[in-house]
Structure formats: C-alpha cells, structure tokens
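These numbers come from the heavy atoms of this one structure, side chains and all, not from hydrogens, waters or symmetry mates.
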Amino acid sequence: MPRRVWIALAGALGVAAVLVGVAINSIAEHPDTTAVIPTATAGIATSTPPTGGPCTGLSGPTVTDTVGDTHSLTGVIAAFEHAYYRQRSAEAALRLVASEAGLTAEGLAAGIASIPTGTTHCVAITPIAEGTADVHLVEQHPNGERIDYLQLINVGHNPDGVVITNIQKRG
C-alpha cells in the first residue's frame with residue numbers, strides 16, 4: 001500500500017478513537033438519570049387523584065376526598081376532613097383529634113355551620129416527617145367559590161389509633 005493510504009487510514013482511525021473517547025466520557029460524566037420510583041407511603045395514597053372540582057390543581061403523594069381511616073397520618077387527616085365536610089359532624093371530627101389539640105365540639109360545630117350545605121372538599125397530604133404533614137385543603141362552595149387552606153398537621157397515637165394533635169395554619 002502506498003504511504004499516503006497508510007497515513008489517511010491512520011488519521012481516520014485516530015479520529016474514530018477520539019470520537020469513541022468523547023462518547024465514553026460523555027456517558028461517564030452524565031450517569032443514567034432514570035427516575036427513582038417512590039416507595040408507597042402509609043395510608044390512603046391514590047395513584048390517580050380525583051379529577052375536577054376541588055381536587056383540580058392539587059398534587060402530592062395523597063390527593064383525596066375519601067373517608068380515610070385511623071391507621072396512618074394520611075388516613076386520619078382524610079378522615080377528619082371527610083367528617084367535617086361530608087358528614088358535617090363535629091362529633092365525628094372530634095373523635096379523630098387528641099384533647100391536646102384544643103378543639104371543641106362547639107367550635108367545630110360552629111365552623112361546620114358556617115360552610116354552605118353542599119360544599120365539597122379535597123385534600124393534598126404530603127408527609128414531611130414522622131407524624132407531620134404539609135396539607136393543602138380546598139373547600140369548594142356550591143356557587144363555585146373556592147377557598148384554599150394551607151396547613152401543617154401533626155398526629156400522635158392513642159388506644160384507638162392515629163389522632164390529630166395539632167392543626168397549624170401556614171402562609
């Protein structure tokens with residue numbers, strides 16, 4: 001082979017080696033950024049939040065307007081809001097609250113009475129620590145008026161399960 005062919009071939013191989021090196025370096029500097037699948041949170045987390053109405057625009061690990069339970073942080077918050085807005089029952093809501101929260105049946109009943117009948121709600125619950133959640137509550141009145149509440153809610157345990165120990169307004 002003529003010398004010029006060898007030089008051209010060596011040059012082409014050199015360029016190819018540089019391109020392979022650049023590609024390897026690029027991969028090494030930018031590791032695979034595959035999304036991490038979150039682990040399930042205790043409670044009533046929904047994979048598909050309710051659509052429309054007061055749930056519109058809410059996001060978080062749990063977005064719900066369901067009944068809830070007393071087995072978890074998210075469950076007791078959902079249960080409290082359900083008792084307050086759907087059942088419109090101060091007694092049912094108060095059963096989900098520890099005495100140290102300072103809520104009374106009279107105060108809860110007055111709050112419920114101030115909300116128009118037919119009001120719907122939705123709550124987005126984001127646990128931020130054991131026993132504490134960041135809460136975005138939406139109250140939607142029958143006339144379409146929407147009121148958003150931002151809260152920090154703490155829970156504890158009693159013989160009946162998980163109970164709310166504090167509700168604090170945020171923002």
Extract all donor-acceptor atom pairs below 3.5 Å that involve side chains of residues 91-103 and protein atoms in other chains or at least two apart in sequence.
none

Show the atom names and distances, to 0.1 Å, of all donor-acceptor pairs under 3.5 Å that link a side chain in residues 113-129 to residues at least two apart or in another chain.
{"unit_1": "S114", "atom_1": "OG", "unit_2": "G111", "atom_2": "O", "d": "2.6"}
{"unit_1": "T119", "atom_1": "OG1", "unit_2": "P116", "atom_2": "O", "d": "2.6"}

Donor-acceptor pairs under 3.5 Å, side chain of residues 141-153 to any protein atom, not counting sequence neighbours: which ones?
{"unit_1": "H141", "atom_1": "ND1", "unit_2": "E145", "atom_2": "OE1", "d": "3.3"}
{"unit_1": "H141", "atom_1": "NE2", "unit_2": "E139", "atom_2": "OE2", "d": "2.6"}
{"unit_1": "N143", "atom_1": "OD1", "unit_2": "E145", "atom_2": "N", "d": "2.9"}
{"unit_1": "R146", "atom_1": "NE", "unit_2": "D148", "atom_2": "OD1", "d": "3.0"}
{"unit_1": "R146", "atom_1": "NE", "unit_2": "D148", "atom_2": "OD2", "d": "3.4"}
{"unit_1": "R146", "atom_1": "NH1", "unit_2": "T56", "atom_2": "O", "d": "3.0"}
{"unit_1": "R146", "atom_1": "NH2", "unit_2": "T56", "atom_2": "O", "d": "3.4"}
{"unit_1": "R146", "atom_1": "NH2", "unit_2": "D148", "atom_2": "OD2", "d": "3.1"}
{"unit_1": "D148", "atom_1": "OD2", "unit_2": "H136", "atom_2": "NE2", "d": "2.6"}

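To the nearest 0.5 Å, atoms CD1 (I77) and NE2 (H82) are separated by 15.5 Å. To the nearest 0.5 Å, atoms CG (D65) and CD (Q140) are separated by 11.5 Å.
The stretch residues 111-134 participates, sequence neighbours left out, in these salt bridge (Lys or Arg N to Asp or Glu O under 4.0 Å) pairs: D134-R170.
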*Go through T64 and T62 one step at a time and tell me if the side chain to side chain donor-acceptor pair (under 3.5 Å) criterion holds.*
CA-CA 6 Å; T64 187; T62 301; over 6 Å; no
*asked:* The test is side-chain contact (heavy atoms from CB on, under 4.5 Å); show your working for V76 and I164 and say whether it passes.
replied: CA-CA 7 Å; V76 76; I164 293 172; 4.1 Å; yes
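Hydrophobic cluster membership for V163: none, as no Ile, Leu, Val, Met, Phe, Trp or Tyr side chain comes under 4.5 Å of it.
Applying the salt bridge (charged side-chain N to carboxylate O under 4.0 Å, His left out) rule to R88 yields no partners; only residues at least two apart in sequence or on another chain are considered.
The closest side-chain donor-acceptor pair between T165 and N154, if any, does not fall under 3.5 angstrom.
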